[in-house]
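Because the structure is predicted, anything quoted here is derived from the model rather than measured.
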Amino acid sequence: AITVKEGTKKVTGVTVSPASQTMVVNDTLQLKAEVAPTDAANKNVVWSSSSPNVASVSATGLVTAKSAGTVNITAASAEDNTKIGTCVVTVTNTGITLGSTTLNLQTGKSSTLRATTIPANVSNTVTWSSSNTSVVTVGTTTAGAATAVYAVGPGTAVVTATLRYNSKTFTAQCRVTVTKSLASTITYRVDEGRQVNFNDANFNDVCLGLGGYTTLDYVRFTVPSSTY
């Protein structure tokens, strides 16, 4: 009879876990290699990367993502380098972009900003803020891939979308310019012989006075929107 002592068996295979992983640039990942059989005499492995410029691996199986691409991280038995296990690592760039970087709105109007993130599955963690809420407010201040932008008052504000991922912060911004929302044409009653002068002081009063008369004698005025 042949007796095989504990710890003297040859290596029959190597398994690496996880078998595949998506990472972003600068991420790290600890891989684990299991040598079969469990009572193999030599359980040591040698780690290697098929493309170190995409992702490198340390002697202990720690992977560091360096640039976008796909790479095979391999653990080979130190006893028999034909016995290997592999993890396929896909590296992407982390970031956030907005569908628009500038917006022009009139007071009382709104628009929607959408964020695109890499990786895509974290877009719902994006938070939104406005640099000047007297000019622009955002509909979503907690988290979401999109937000409504409301024009509150004339001026300029910057809406910022913030992505926090793996203890790092990424931002994208949209500059919003808000102008007064004014009708270019208004209708106003003028009594015979009465002259109406429009200026900055009375323009709003004139608008508010619409419908305050009982006769049908009206004159239509066209007011350049660039003036008021």
Side-chain angles (χ1 to χ4, degrees), residues 22-29 53-55 64-70 90-188 197-210 220-228:
T22 297
M23 303 175 65
V24 297
V25 174
N26 295 324
D27 269 357
T28 58
L29 171 68
N53 62 313
V54 174
T64 301
K66 294 186 173 182
S67 63
T70 300
T90 301
V91 181
T92 61
N93 291 305
T94 302
I96 180 171
T97 58
L98 295 180
S100 301
T101 56
T102 59
L103 280 177
N104 293 296
L105 297 173
Q106 291 185 331
T107 52
K109 302 297 183 178
S110 65
S111 185
T112 300
L113 278 178
R114 298 187 183 279
T116 300
T117 63
I118 300 176
N121 61 357
V122 297
S123 63
N124 62 342
T125 66
V126 174
T127 56
W128 302 84
S129 62
S130 168
S131 64
N132 189 342
T133 54
S134 65
V135 175
V136 170
T137 59
V138 292
T140 301
T141 55
T142 52
T147 186
V149 177
Y150 300 100
V152 178
T156 300
V158 175
V159 174
T160 300
T162 302
L163 170 66
R164 293 180 176 84
Y165 184 78
N166 281 0
S167 301
K168 300 178 182 66
T169 300
F170 306 87
T171 61
Q173 294 182 327
C174 177
R175 185 180 181 86
V176 184
T177 301
V178 179
T179 55
K180 288 182 179 180
S181 179
L182 298 173
S184 61
T185 302
I186 64 171
T187 301
Y188 190 74
N197 295 315
F198 292 94
N199 55 49
D200 289 338
N202 72 2
F203 183 74
N204 287 336
D205 291 337
V206 169
C207 291
L208 292 174
L210 293 178
R220 183 173 293 274
F221 290 87
T222 299
V223 182
S225 58
S226 59
T227 303
Y228 298 98

Look at atom NZ of Lys109 and say whether more than 12 heavy atoms of other residues, nucleotides or ligands are closer to it than 6.0 Å.
no
Could you grab the distance from atom OG1 of Thr125 to atom CG of Asn121, nearest 0.5 Å is fine?
9.0 Å
In this structure, CG of Asp27 is separated from OG1 of Thr22 (nearest 0.5 Å) by 10.5 Å
Val24 and Thr94 have their tightest heavy-atom pair at CB-OG1, 2.8 Å
Closest non-hydrogen atom pair between Asn53 and Lys66, with its separation:
O-CB, 3.4 Å
Restricting to non-hydrogen atoms, name the atom on Gln106 and the atom on Ala151 that form the minimum distance, rounded to 0.1 Å.
O-CB, 3.3 Å
Once you round to the nearest 0.5 Å, how far does OG1 of Thr156 lie from CG of Leu103?
12.0 Å
Give me the atom names and distance for the closest heavy-atom approach of Ala68 to Val54.
O-CG2, 4.2 Å
Find out whether Tyr165 and Ile96 are in side-chain contact, i.e. whether some heavy atom of one side chain is under 4.5 Å from a heavy atom of the other.
no
On a heavy-atom basis, the closest approach of Leu113 and Cys174 is CD1-CB, 3.8 Å
Passes side chain to side chain contact (heavy atoms under 4.5 Å, CB included), Val178 versus Thr107? Steps please.
CA-CA 6 Å; Val178 179; Thr107 52; 3.6 Å; yes
Looking only at side-chain N and O atoms, does Gln173 offer a donor or acceptor that is under 3.5 Å from a partner on Thr160?
yes
Is there a donor-acceptor pair closer than 3.5 Å between any side-chain N or O of Thr147 and the backbone N or O of Gly139?
yes
Output yes when a side-chain donor or acceptor of Trp128 lies under 3.5 Å from a complementary backbone atom of Ala148, and no otherwise.
no
Are Thr133 and Val152 close enough that some pair of their side-chain heavy atoms sits under 4.5 Å apart?
no
Has the side chain of Ser130 got a donor or acceptor atom that lies under 3.5 Å from a matching backbone atom of Val136?
yes
One should read off an interatomic distance between Ser67 OG and Asn26 CG, to the nearest 0.5 angstrom, of 10.5 Å
Could you report the tightest heavy-atom contact between Pro154 and Val135, atom names first, then the distance?
O-CG2, 3.7 Å
Donor-acceptor contact below 3.5 Å, side chain Thr117 vs main chain Pro119
yes
